[in-house]
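Counting begins at 1 with the first residue of the sequence.
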Amino acid sequence: MSRIARLILATLPVSFAGTATWFGLYTFVNGYLVSGLGYSNEQWTEVTLWFTGTMIVWQFLCTEIASRLGRRNTVTLSLVAGAVFYLAIALTRDGLVIRALMSLAAFTQAVGLVTWQPLVANYGREKPGQALALNQWVGAIVSVVTLIAGGQAIASLSYREAFLGLGAICGLSAVFFLLVSHGFEEDHADVVSLTRAFRADWRKLASGTFLVLCLVGLFLEPFNYLTVNQLFPNLARDAHGLLDRDISTLVAVARLPALLSLFIVAAVIDRLNALRAYGAGIAVVGLCVVALGQASGLNALVTVYFVYFLIQGSVWGSSPAAINASVEPDLRDSAFALTSIVMSVALFGVGFVHNRLLGAGLSIQQVFSASGLVPIAAGSALVIYSFIRRRRPIAQSHGTQRDLRMEVGD
């Protein structure tokens, strides 16, 4: 089996569990709580704080777990957690239990960000950016299929039956991943735990391009994607009268343009300045978020939503490449862990801001319009920084002795 084929097969189950516990959570579980159990928009945002809050804790633990179990086994465990999340949520209506179950979905997401992506980068050898972008491209396809199928299952069956099905598929995904992921590098000693990184290399991680990328880009980008993921179903439902079945179909189909932009990025990202591409992407996506809040009719809403994902595909493809290129190979695990923690702290903060804005009486449209302004400024700042910063040599590619001399794709 070729390396690309093995990577694609291993990506399929990881992407399914990741989609189910992110897009599925913000779409299917959103519909279950809001339409099925009568939660208000403010109550919905409060529940998701349990998800984003516990994700922060898990990301501190992911490198410790992977350094003992190995990355591959840790990823498998996360798929099992996704299965338990859906199987359990199908059997309860208790608000406290639902909030507690959010921590299992958070573990699946944390491992996908902290542990899976370094495993993919290592497997990519001399082309880690291409491997990471391919992983994102496959993930986008899986997201489309999962959301369409899940939406149809909920419309034809019930939330309970659909959740039981999602849980069963997550469980089968764990088995499938174990079978197809043989051949991935699996040296536990290669995993640098977060605590060890802080003791030995924290100054490298807390300076230069990596620091700017974290604080200006990754910390503020959630004002784009969390706003859309968390609140677009509410916007479509409240302001435009769409039904949950139509919302889930739209959420899935709108991701198709991202496949095109991801495909293009996967082909060229190792020759681009990834930081510049990432900054430009989140700035344009921010404009789309503002436009979603300003959309005056359903046609305008749908059009902007498709454009949002067309540009968001370039962000998905360039952000992991920018992280990977900004640190030395032996700090990849810690870098992905730190950036994931930064983004999770930001997710919690943005979710809290959404909750308070809605609690203060702002409309869902006003929340969108205000949120998009932040990444517009952040993305513009990253683009400017990518032009004015001084070039310096950085890490060698995994498995080569070539001096890249193009920090973040320069």
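Note that CZ of F177 is 8.5 Å distant from OG1 of T11, once rounded to the nearest 0.5 Å. Separation of atoms OG (S35) and CG (L33) is listed at 9.5 Å; rounding is to 0.5 Å. Note that CD of Q152 is 7.0 Å distant from OG of S248, once rounded to the nearest 0.5 Å. Between N73 atom CG and R68 atom CZ the span is 14.5 Å, to the nearest 0.5 Å. Atom-to-atom distance recorded for F85:CZ and T108:OG1 is 9.0 Å, nearest 0.5 angstrom. One distance of note links CG of L87 with CG of L104; it measures 10.5 Å at 0.5 Å rounding.
No side-chain heavy atom of V216 sits less than 4.5 Å from a side-chain heavy atom of Y385. You'll find the side chain of L298 reaches within 4.5 Å of the side chain of L301, heavy atoms only. Side-chain contact between F176 and L9 is present, with heavy atoms from C-beta onward closer than 4.5 Å. The closest side-chain heavy-atom distance from F387 to V383 is below 4.5 Å. Side-chain contact between R71 and N122 is present, with heavy atoms from C-beta onward closer than 4.5 Å. Residues F23 and T146 are not in side-chain contact: their nearest non-hydrogen atoms beyond the backbone lie 4.5 Å or more apart. Residues I323 and L218 form a side-chain contact, since some pair of their non-hydrogen atoms from C-beta on lies under 4.5 Å apart. Annotation: side chain of L49 is not in contact with side chain of M102 (no heavy-atom distance under 4.5 Å).
Of the possible polar contacts, none joining the N324 side chain to the P320 backbone as a donor-acceptor pair under 3.5 Å is found. Panel note: side chain R255, backbone I141; no donor-acceptor pair is recorded below 3.5 Å. Looking only at distances, no side-chain donor or acceptor of T92 sits under 3.5 Å from a matching main-chain atom of A88. The backbone N or O of Q43 lies less than 3.5 Å from a partner atom in the side chain of S40, making a donor-acceptor pair. Remark: the backbone N or O of L242 is not paired with any side-chain donor or acceptor of D246 at under 3.5 angstrom. Without hydrogens or angle criteria, T76 side chain to A174 main chain gives no donor-acceptor distance under 3.5 Å.
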Identify all side-chain donor-acceptor contacts of residues 302-317 below 3.5 Å with residues at least two apart in sequence or on another chain.
{"residue": "T303", "atom": "OG1", "partner": "N299", "partner atom": "O", "Å": "2.9"}
{"residue": "S314", "atom": "OG", "partner": "I311", "partner atom": "O", "Å": "2.6"}

Give the table of side-chain donor-acceptor pairs shorter than 3.5 Å for residues 346-369, with sequence neighbours excluded, one pair per line with atom names and distance.
{"residue": "H354", "atom": "ND1", "partner": "Q230", "partner atom": "OE1", "Å": "2.9"}
{"residue": "H354", "atom": "NE2", "partner": "T227", "partner atom": "OG1", "Å": "3.1"}
{"residue": "H354", "atom": "NE2", "partner": "S371", "partner atom": "OG", "Å": "3.4"}
{"residue": "N355", "atom": "ND2", "partner": "E42", "partner atom": "O", "Å": "2.9"}
{"residue": "N355", "atom": "ND2", "partner": "T45", "partner atom": "OG1", "Å": "2.8"}
{"residue": "R356", "atom": "NH2", "partner": "E42", "partner atom": "OE2", "Å": "3.1"}
{"residue": "S363", "atom": "OG", "partner": "Q366", "partner atom": "N", "Å": "3.2"}
{"residue": "S363", "atom": "OG", "partner": "Q366", "partner atom": "OE1", "Å": "3.4"}
{"residue": "Q366", "atom": "OE1", "partner": "S363", "partner atom": "N", "Å": "2.9"}
{"residue": "S369", "atom": "OG", "partner": "Q294", "partner atom": "NE2", "Å": "2.8"}
{"residue": "S369", "atom": "OG", "partner": "Q365", "partner atom": "O", "Å": "3.2"}

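Across all non-hydrogen atoms, the minimal contact from I376 to L287 is CD1-CD2, 3.5 Å. Minimum interatomic distance between V114 and C62 (heavy atoms only, all atoms of both residues): CG1-CB, 3.6 Å. Between F107 and A81, the shortest heavy-atom distance links the atoms CD2-CB, 3.7 Å. When all heavy atoms of G112 and Q117 are compared, the pair lying nearest together is O-CG, 3.5 Å. For the pair P375 and G286, the tightest heavy-atom approach, listed with the atom from each and the gap, is CG-CA, 4.1 Å. Taking every heavy atom of both residues into account, I154 and A162 meet most closely at CG1-CB, 3.5 Å.
Taking a 6.0 Å sphere around CZ of F263, one finds it holds 12 or fewer heavy atoms contributed by other residues, nucleotides or ligands. Heavy atoms from other residues, nucleotides or ligands lying under 6.0 Å from CG of L37 number more than 12. Counting non-hydrogen atoms of other residues, nucleotides and ligands closer than 6.0 Å to CH2 of W116 gives a total above 12.
Remark: R6 fails to qualify as a cation-pi partner of Y123 under the 6.0 Å distance and 45° angle criteria applied to the six-membered ring.
Sequence neighbours left out, the pairs with a member in residues 211-224 that pass side-chain hydrogen bond (donor to acceptor under 3.5 Å, both in side chains) are E221-Y278. Among residue pairs with one or both ends in residues 16-32, those qualifying as side-chain hydrogen bond (donor to acceptor under 3.5 Å, both in side chains) are T19-S143, T21-Q109, N30-N234, N30-R237; sequence neighbours excluded.
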Go through it in stages, so that I can follow the logic: the residues are T52 and I56, the test is side-chain contact (heavy atoms from CB on, under 4.5 Å), and I'd like the CA-CA distance, side-chain angles, deciding distance and then a yes or no. CA-CA 7 Å; T52 55; I56 299 170; over 6 Å; no
Stepwise side-chain contact (heavy atoms from CB on, under 4.5 Å) test for T115 and R72: CA-CA 8 Å; T115 306; R72 180 166 165 263; over 6 Å; no
Taking it one step at a time, do L79 and C170 satisfy side-chain contact (heavy atoms from CB on, under 4.5 Å)? CA-CA 6 Å; L79 304 186; C170 281; 5.9 Å; no
Derivation of the side-chain contact (heavy atoms from CB on, under 4.5 Å) call for F219 and V345: CA-CA 8 Å; F219 190 72; V345 171; 4.2 Å; yes
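Residues satisfying the side chain to side chain contact (heavy atoms under 4.5 Å, CB included) test with A90, not counting sequence neighbours, are R160, F163, L164. When the side chain to side chain contact (heavy atoms under 4.5 Å, CB included) test is applied to I264, the partners found at least two apart in sequence or on another chain are L260.
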